[in-house]
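Here the structure comes first, spelled out in structure tokens, and everything after it is commentary.
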Protein chains: 2
Amino acid sequence: MHAAVLRYFDHVARQGSIRKAAESLSIASSAVNRQILRLEDEIGVPLFERSRSGVRPTAAGELLLRHVRETQNEFQRARAEIASLGGTVSGTVRIISLESVVARVLPQIVAEMATRHPRVSFTVLTIHPSEVADALRSGDSDFGVLFIDNRVSGVEIVAEFPTTVGALMRPDHPLAGARTLTLTECARHPVVMLNDRWLLDPIMAAEFAESGARLTPRIVSNSIEFMRQTISRGLGIGFVSPIGFLDEIRRGELVHVPLAEPGLASSRIGILVPRQRRLSPPARLAINHVQKHFNEFGRLLTAPDRGPKRRRRR
Amino acid sequence: MHAAVLRYFDHVARQGSIRKAAESLSIASSAVNRQILRLEDEIGVPLFERSRSGVRPTAAGELLLRHVRETQNEFQRARAEIASLGGTVSGTVRIISLESVVARVLPQIVAEMATRHPRVSFTVLTIHPSEVADALRSGDSDFGVLFIDNRVSGVEIVAEFPTTVGALMRPDHPLAGARTLTLTECARHPVVMLNDRWLLDPIMAAEFAESGARLTPRIVSNSIEFMRQTISRGLGIGFVSPIGFLDEIRRGELVHVPLAEPGLASSRIGILVPRQRRLSPPARLAINHVQKHFNEFGRLLTAPDRGPKRRRRR
DNA sequence: GCGCTACGCTGCCATTTCGGCAGCACTCGG
DNA sequence: CCGAGTGCTGCCGAAATGGCAGCGTAGCGC
């Protein structure tokens, strides 16, 4: 329905080059070039700055680009909405999330939805926290499952789930029997540490820093999977939310003991959607699934093996 | 930039007929017809119900229509935004308002803007209150200058100005010297009445009804201009907000005495914009002008000839 | 019933637009 | 100096777009 030039324009801006865009569009570069020139003629101002190495959107280009992308996104959403009139949910759901959620929770959700709604496709990406705000606001994704950072604006929190950062260790570890632990208590044992601000949310990072416990990690990594392996082999204890390790905890292969530090005990994971945006039917469905799962996990997320504590709040 | 089919689709839906749409587009009906058929083919579902008397959008059609219109509106806004980068404000401002405001306030504003920003064009419409919500939400207009009705949702109040409904009369009228008046006091004299719910806002109408003052109007009309004439000739007193008569009041040709009834004394006129919508640069400018004017009129709006009372609030 | 009108739709054709190919002018890095 | 990258431009065939005339149908007035 929409003019081809919208797609061309978007690609050119993304690739920063007319020829590259043409290639990714499987089209002759001359065609793309002409469409861009015609568009600039219509708008009346240059949309790109030409340099030897390619093109870069001008201020006007950025403005129009936002309109074009918004139009494309809204069109997809409208189509999905129309398709859902006939009962069949279809379209693409684009999710950004934490590595641990991507690895453990989302696959199951995708599997569930895939059987019931075969015409829904998924894009699931892990993302650097500094890009969270942009990724949501630009409309490149439908929603995020992320640590809640109050400093990020322009997003709405659809649901939030408290989770507890705790010490993760083997059941035969000396500290495995404790109900809670402080960082200082843990400091006497080998530690496996996430090195990245990335996987720890900013609040957690601050808490770790000011807790004063001089943790000297034996192992540092930014790979959840690597942590899983090393902890499972008894090489140390890790400080993480239990989400990425729910299966192991349930099977009794690992134990998750909540930390006593208040700032860490009250960490929150939330479903975030860009404000001022309508969600497509499949996106709404996916959010419901995520919500359901986190509610079911609720008990485990806060106090793995012990009694029930609390449920979702709004 | 955008495909022609968007315009065709919009016109067909508006006119309820392919041939009519074609005519209003100055194009052959066959061309329009084919574009619609092609579009339905692309979307995969019928967008119109065909009947002998024309076409009517299906549910899917309504959905797509909303996307199309939103796209067109946003495109206009984006163009205006781009134009304003170069310093020249351009585009169209679409305003809906009360008859009295349209007649007395907006002309001056349009005049002011026209000299400074010759490339801005205006659409100024009076509108029936029942259509206020739709007109704003559908994006057919940029903002409204209207009586505030709290029951209308989906709109945001950018600014509001208290105004007083009062009795309007000639200076030589027996009641002209009063500081305030009740409806009962006025009931003893001939009255010129707006017959329409239209120009009175709903709150005012209710207040009039329950005040119990059995007003027996000598003259009833729904024309502001007719009221002006009859009141000026001493045929009665009218109950109106002073906006439409500011010039006469300033020149001393008419006197506006506030009513004592509390519900009427606190009537509010507001600048309303649809929620969830970005305003085009010229629209923002126009709103600023309106705001400035109402602030200047502030004193007159509440207590025409007497001391200052209040200013804008937020 | 019989025109008349208005509706959506469909072949056929001219015109416009779009895309592919090759090539130009240019700049940068080796 | 040369090769590889850039944006841009003629030229030409192909595709889309719009105009015209006409078909079939349904409602309305006489």
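Letters go in sequence order (proteins before strands), and every chain restarts at 1.
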Side-chain atoms of B:Ala31 come closest, of D:dG18, D:dG7, C:dG19, to D:dG18
query: Within the modelled atom types, does a donor on one side and an acceptor on the other bring the side chain of A:Arg19 and the base of D:dG5 under 3.5 Å apart?
result: no
Whole-Å distance, A:Arg50 CZ to D:dG5 P, equals 21 Å
Of C:dG20, D:dC8, D:dT17, the nucleotide closest to the side chain of A:Ile27 is C:dG20
Check whether any side-chain nitrogen or oxygen of A:Arg38 sits under 4.0 Å from OP1 or OP2 of C:dC18, and answer yes or no.
yes
Sequence neighbours left out, cut at 3.5 Å: what donor-acceptor pairs do the side chains of residues 22-39 of chain B make with other protein atoms?
{"residue": "B:Ser24", "atom": "OG", "partner": "B:Ala21", "partner atom": "O", "Å": "3.0"}

note: A:Glu42, atom CD; C:dT17, atom P; distance rounded to Å ~ 13 Å
Report task. Report yes if a side-chain nitrogen or oxygen of B:Gln35 is closer than 4.0 Å to either non-bridging phosphate oxygen (OP1 or OP2) of D:dA16; otherwise report no. Result -> no
Have B:Ser90 and B:Thr88 got a donor and an acceptor in their side chains that come within less than 3.5 Å?
-> no
Whole-Å distance, A:Ile36 CD1 to C:dG19 P, equals 11 Å
query = Counting any heavy atom closer than 4.0 Å, what does A:Val55 reach on the DNA or RNA strands: base, sugar-phosphate only, or nothing?
reply = sugar-phosphate
Taken in chain and number order and not counting sequence neighbours, the residues that satisfy side chain to side chain donor-acceptor pair (under 3.5 Å) with A:Arg275 are none
Whole-Å distance, A:Glu49 CD to C:dT27 P, equals 17 Å
5'-most contact on DNA chain C (nearest-nucleotide basis), B:Arg52 vs A:Arg34, goes to B:Arg52
- A:Arg284/A:Glu81 ion pair, N-O < 4.0 Å: yes
Whole-Å distance, B:Leu37 CG to C:dG8 P, equals 11 Å
Testing C:dG11, C:dC18, C:dG8 for proximity to the side chain of B:Asn33, the answer is C:dG8
Atom CZ of A:Arg278 with >12 non-hydrogen neighbours under 6.0 angstrom: yes
Taken to the nearest whole Å, NZ/B:Lys20 to C1'/C:dC7 is 10 Å
Rounded to whole Å, CG of A:Leu25 lies from P of C:dC18 at a distance of 15 Å
Do A:Ser30 side-chain and C:dC21 base share a donor-acceptor contact under 3.5 Å? yes
Quick one: the side chain of B:Ser29 and the base of C:dC7, do they pair up donor-acceptor inside 3.5 Å? no
Worksheet item: Which part of the nucleic acid, if any, lies within reach of A:Tyr8 when heavy atoms closer than 4.0 Å are counted: base, sugar-phosphate only, or nothing?
Response: sugar-phosphate
